[in-house]
Amino acid sequence: MAAIIEVRNVSKSFETKKGEVKALENINLTVEKGELLCIVGASGSGKTTLFNLIAGFEQPTSGEILLNNEVVTGIHSNATMVFQQYALFPWKTVLENIEFGLKMKKISKKKRREIADEYIKLVSLEGFENSYPKELSGGMKQRVSIARALASDSDILLMDEPFGALDAMTRQIMQEQLVKIHEQSKKTIVFITHSIDEALLLSSRLIIFTSRPGRVKSELINHLPKPRTADVQISKEYLELKSMTWETVQQEVLNQIES
Amino acid sequence: MKRPKYMFWLILFSIFFILIFSACDSNTSNINGDEPIASQTITYGGSSWIGHLPAYIAVEKGFFEEQGVDVEFMNFSTSSERMTALASGEIDFASTGAISAISLMAAGDDNFSIFGAPDTYIGQEGIVAKGMTSIEDLRGKKVAVTFASSSHIMLLDIFNQHGLVLNKDVEIINMAGGDIVSSFTTGEIDAGAIWSPHFENLTHVDGAVVLAMDTDTSIYKNYGFGSGPDVLVIRNEFIKDNPNTTEKLVKGYFHSAHWIEENPKEAAELFVTLTNLDIDEQEQIINHVNWLDLEQQKDMLSENGELTGTLEFLASFMTENHLINNSVDVKEWINIDILP
Amino acid sequence: MTSFHNSPTLANQKNTNNFPKRNQKSPPKRKKKKFTLSLKIVSILSFLSFLAIWEIITQMGFIPPLFLPAPSQVVVRGYQMLIDGELIGHIFSSSRRVIVGFLISALAAVPFGILLGSSKTLKAIFDPIISIIRPLPSMAWIPLSLLWLGIGEEQKYAIVFMGSFAPALLYTIDATRSVNPILIKAARNFGASNLTVMREVILPGSMPSIFAGLKVVLGLAWTTVISAELVAANEGLGFLIMNGKEYFMTDVIILGMAMISLTVIIIDIVLNWVEKKIIPWREET
């Protein structure tokens, strides 16, 4: 499989009143096409900064990022972000929100509608086409947000703790659906989380970040069988993988608390 | 959650009640309180208007002091503000526009008395227009006047005489003196009714014609007073608590009026500090005014006196023209017993 | 936050491609109705007891009517003036002046404010002028407005305009700046240009705050009504109050004040209704 995202020797620092703060230090990372990669790290490990760099909102202090072998120099629409706060436009209906990316691509009204309907079905929101976000629950909002990202048809989805604001039950359902959607759509998904369970449940590979500055601490290939049902989640393999990951993460969390 | 909410309301209501009761407490003591005047300083409500000259001179020349009373001269920009101060007991006596005094009577305040008039000031207000020769020409035109002023009454009186109906035949606009002059100059109004010195300023505008004067009013023709004469007013409570001081006050005041008649130049020199006018101009104005002395007051305010007639006429005129809502029997406010 | 809330015991649900539908028909609704109603009753009771205390105190004769007439006296006066047709004329004149002046200021301030809110450079250019105009009381504009516009209705509109323009502008600038930056980020992420972000995100996104701001400004516009009707006005609630002062008609003064409050309350109710119509998506905060 071909690399779709390549992060080469990327460092990023910010100027603050208290001086320079290093958010990312010498990150090297390759994401394969069609992969669902989870990035795990304690807060403050610069994961969101990495997304901003990939989406072109910010430029690395050193190093470079390539998408489909092209260097990212500015904002582009090839990697769509999904935010923890949903970022739905409150003044647009569910349908209009899902159509937004397509509208930006100047796709005709009729075609937009067709595509949007398809994704509404995918996330099971039939009957809510004309509802405003304020009328939806958190889980429904995030499904709209995911549908909006998928409908825009970029190859890459950058999901920044998308389920972080949901309750445990909804969250689990959303995770299962994401796996399904990923299988069906063949998109490349980079998924930030600080839940190890979530990472193990979703990923084909997971990367653990150190905190302040963010560095790649370790990488794990997740061979757990799919679908990762309740049975898988109590299997010996799962628990071993989990404790292994936890040990690594725990050290980082402790470091951060002490610092 | 509930308890603090009710507590809040309870506190709010308590504060509210305390405020209400303390407010009415202070009010009642001001208006109805029987305590004698705490300090012997008596306050006169005045302004730079010529009608306040006797009181001003009496303070400056020490005519009140000679009588053994201490008077303070306090400035108010309008008669209504001065009368409000009198009604709330902040000043003890004043000279004020009759219209304001009658309005206060109509509002039900019977805590003051009229005991005289400082002057008969006449011939210094009128209706000035451009491009017209008679009052009838004002039909369909805009006339500016300061509402609730003597000029307002003058205008209504003259319109009545000529059969002009307000806001049907003529549009009248409420404006202050200075504004009338500038709007008349720019041609935004066709005519203005105003008193001195704005009156003179109006007549100086190019093409200005005087259509009528205060001497043309039915009030003047019948009683010899202008449409808004100055009257001397005093708080009843002050008279009751200080009968001797009241007598001294009146004596001092009319002594001053008499003195002005004989020393207009010196009076002008003193009064210009208040008016900022040229001394000669001031002296001319003082000479123009007919100062009334103590002897004239009793006559004027008697049953059939000219001032009594003027005030009665004004009161019924104001009621007929819906300027006030209640009819007023002016005689109930006239008190000449305090004149020595 | 725990990392282990996906405990295996909870994960007993079957994988299905369909999301559960049971909760979907009833999105989260707040059970506030009853509480709101009882608060309304508290408000009404507090108002009625305020009037009752006022009535009792004035009827007992502690305060002469010249200083504070009884509410019933004010009501009687209001009824008389209503029968005369006079009161409606005053309300109408003032409402027209306030609404026209306010609309002109809103029409000028909203586009201008959006522009200043989205450009730091423009804001820097106009900041000094705004800072100079902002603190000026509407009454301060009377002499200049008379010189420039004369004594007609334009002058009254101008006074209301000068009293409401600066606040409307500042509210709009704030509203524009308060649009959630993540929405702008999301739009850009989909490839929206600056212009598209303005049209698709900033304009609609600032609408609720602009509307809320304008509601406050309309209230402020009413506070200028006395200044607007101080010169060359023969009608209006401001005139009614000031003329009432000349004739010591305290009941008329209080009537004028009450009419201003009442008109503002009615306009507010209408505006809230309009707001629901034109911003149906507004999220309650």
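Predicted model only: the values in this text are computed from it and were never measured. Below, chains carry the letters A, B, ... as their sequence lines are ordered, and counting in each starts from 1.
- The number of heavy atoms from other shown groups lying within 6.0 Å of CE (B:Met132) is above 12.
- Between chain C and the options B:Leu323, B:Ile324, B:Ile189, heavy-atom pairs under 4.5 Å are most frequent for B:Leu323.
- Residues of residues 220-250 of chain C placed with any heavy atom under 4.5 Å of a heavy atom in chain B are listed by number as C:Val231, C:Ala232, C:Ala233, C:Asn234, C:Phe239, C:Asn243, C:Lys245, C:Glu246, C:Tyr247, C:Phe248, C:Met249.
- For the pair C:Ile151 and B:Glu188, the tightest heavy-atom approach, listed with the atom from each and the gap, is N-OE1, 2.7 Å.
- Residues of residues 180-187 of chain B having a heavy atom under 4.5 Å from any heavy atom of chain C, listed by number: B:Ser183.
- Residue pairs satisfying the salt bridge (Lys or Arg N to Asp or Glu O under 4.0 Å) criterion with at least one member in residues 167-187 of chain B, sequence neighbours excluded, are listed as follows: B:Arg139-B:Asp169.
- With a 4.5 Å cut-off on non-hydrogen atoms, B:His322 does not touch chain C at all.
- B:Thr84 touches chain C through backbone and side chain together, each having a heavy atom under 4.5 Å away.
- Residue B:Ile102 does not touch chain C at all, counting heavy-atom pairs closer than 4.5 Å.
- Only the side chain of B:Met318 comes within less than 4.5 Å of a heavy atom in chain C; its backbone stays farther off.
- The side chain to side chain donor-acceptor pair (under 3.5 Å) pairs that include a residue from residues 74-83 of chain C are C:Arg77-C:Gln80, C:Arg77-C:Asp251, where partners are two or more places apart or lie in different chains.
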